[in-house]
Amino acid sequence: ISINGEKRSAVLLDSIPNQLITCMFIDNKKQLWCGTFSGLYVKQNGVWKNTSLPVSEIIKCIAQTPDGNIWVSSVRGIFVFDSDLKLKKWFNEKNNLVNEYVYSLMPQPNDDVWFSHNKGVSCYIAAEKKFRNYSKTDGLQSNEFNTGAYYQSPDGTIFFGGVRGANYFLPSEIKNN
């Protein structure tokens, strides 16, 4: 291949058969996780394993909280796995997730997780085991956000990009009414 006029070689790594990869993540055990259009895979000891999701869905984002849990967002909610790859929790609209089409995951040092979806931005408050939800009425650019449009800066500021611009905030400065 040629990059900026320089010839480079591309190496094909072993891959997950017949899968289009949507996102990738390396956990604290140095295991590679891959989200696809039909599920979630993790490479353990050189072998790809298909995780046991209750539904086969498009994976949008993979992240890890400081407690070691792996959080996986999809178009059908959020899945939380423990370090042994056991599914601990499936958050969906039946158990208080405001919207199942979750684009991003931003774990915090206290195990809270901020995320964007098609009804705004939410935060899972780990200590309370509940969600706080924010929408356009709270000042968001829109209720709809986009895949891959998220970032957390070194000072902790979170950025979420959506269909009408971007929102950014420092989680510690969010005050609830």
Side-chain angles (χ1 to χ4, degrees), residues 21-37 40 42 51 53 55 57-83 87-177:
I21 295 176
T22 57
C23 59
M24 301 170 82
F25 178 77
I26 295 179
D27 67 17
N28 62 11
K29 293 181 177 180
K30 306 292 185 224
Q31 298 175 125
L32 177 62
W33 293 73
C34 290
T36 71
F37 268 91
L40 178 68
V42 62
T51 61
L53 293 176
V55 291
E57 277 306 327
I58 301 170
I59 303 302
K60 293 289 189 176
C61 184
I62 306 165
Q64 187 169 31
T65 50
D67 64 7
N69 289 330
I70 300 291
W71 286 59
V72 178
S73 70
S74 75
V75 299
R76 295 285 299 273
I78 298 172
F79 305 97
V80 181
F81 290 87
D82 66 16
S83 59
L87 182 64
K88 290 178 64 172
K89 189 73 177 169
W90 175 20
F91 294 112
N92 54 48
E93 291 175 9
K94 294 176 185 168
N95 59 14
N96 297 323
L97 188 63
V98 71
N99 183 259
E100 292 181 355
Y101 207 107
V102 180
Y103 293 107
S104 62
L105 297 163
M106 301 295 296
Q108 302 302 296
N110 62 355
D111 289 325
D112 290 355
V113 180
W114 285 88
F115 55 96
S116 62
H117 45 75
N118 278 337
K119 288 191 178 176
V121 168
S122 296
C123 182
Y124 178 74
I125 310 298
E128 300 173 17
K129 295 188 180 347
K130 70 177 191 177
F131 296 100
R132 286 210 181 103
N133 305 304
Y134 305 90
S135 68
K136 189 174 178 180
T137 59
D138 296 304
L140 298 179
Q141 50 81 40
S142 171
N143 283 335
E144 186 176 344
F145 287 82
N146 284 321
T147 301
Y150 61 97
Y151 173 73
Q152 187 159 15
S153 69
D155 73 354
T157 301
I158 292 177
F159 298 80
F160 288 117
V163 298
R164 290 197 170 82
N167 289 99
Y168 64 93
F169 57 90
L170 196 57
S172 61
E173 293 180 359
I174 299 294
K175 305 295 181 221
N176 294 300
N177 299 338

Derivation and outcome, side-chain contact (heavy atoms from CB on, under 4.5 Å), residues Trp71 and Phe25: CA-CA 11 Å; Trp71 286 59; Phe25 178 77; over 6 Å; no
Partner of Ser74 under side-chain contact (heavy atoms from CB on, under 4.5 Å), chosen from Phe79, Tyr103, Tyr101: Phe79
Does any non-hydrogen side-chain atom of Asp27 lie less than 4.5 Å from one of Ile70? yes
Close side-chain approach of Leu97 and Phe115, heavy atoms under 4.5 Å: yes
At their closest point, which heavy atom of Asp111 faces which heavy atom of Asp67, and how far apart are they? OD1-N, 3.1 Å
Distance, nearest 0.5 Å, that separates CD1 of Ile78 from NZ of Lys60: 13.5 Å
How about Ser116 and Ser104: does a side-chain donor come under 3.5 Å of a side-chain acceptor? yes
Check whether any side-chain N or O of Ser142 sits under 3.5 Å from a backbone N or O of Gly162 as a donor-acceptor pair, and report yes or no. no
Could you work out, with salt bridge (Lys or Arg N to Asp or Glu O under 4.0 Å) as the rule, every residue matching Glu57, not counting sequence neighbours? Arg76
Out of Phe160, Phe131, Tyr134, which residue meets the ring pair (Phe, Tyr, Trp, His ring centres under 6.0 Å) rule with Trp114? Tyr134
So, do Gln152 and Gln108 sit near enough that their side-chain heavy atoms are less than 4.5 Å apart? yes
So, Gln64 and Asn28: side-chain donor and acceptor under 3.5 Å apart, yes or no? yes
Qualifying residues under side chain to side chain donor-acceptor pair (under 3.5 Å), relative to Tyr124, sequence neighbours excluded: none
Looking at side-chain heavy atoms only, is the closest gap between Ile59 and Thr36 below 4.5 Å? no
Nearest heavy-atom neighbours spanning Val72 and Leu40: CG2-CD2, 3.6 Å
Residues at least two apart in sequence or cross-chain that pass salt bridge (Lys or Arg N to Asp or Glu O under 4.0 Å) with Lys129, listed by chain then number, are none
4.5 Å side-chain heavy-atom contact, Ile125 and Arg132: yes
For Cys123, does its backbone N or O pair with a side-chain atom of Asp112 as donor and acceptor, under 3.5 Å? no
Taking Asn167 for the side chain and Gln141 for the main chain, is one N or O donor matched with an acceptor at less than 3.5 Å? yes
Verdict with reasoning, Ile26 to Gln31, per side-chain contact (heavy atoms from CB on, under 4.5 Å): CA-CA 5 Å; Ile26 295 179; Gln31 298 175 125; over 6 Å; no
On a heavy-atom basis, the closest approach of Val98 and Asn133 is CG1-OD1, 3.7 Å
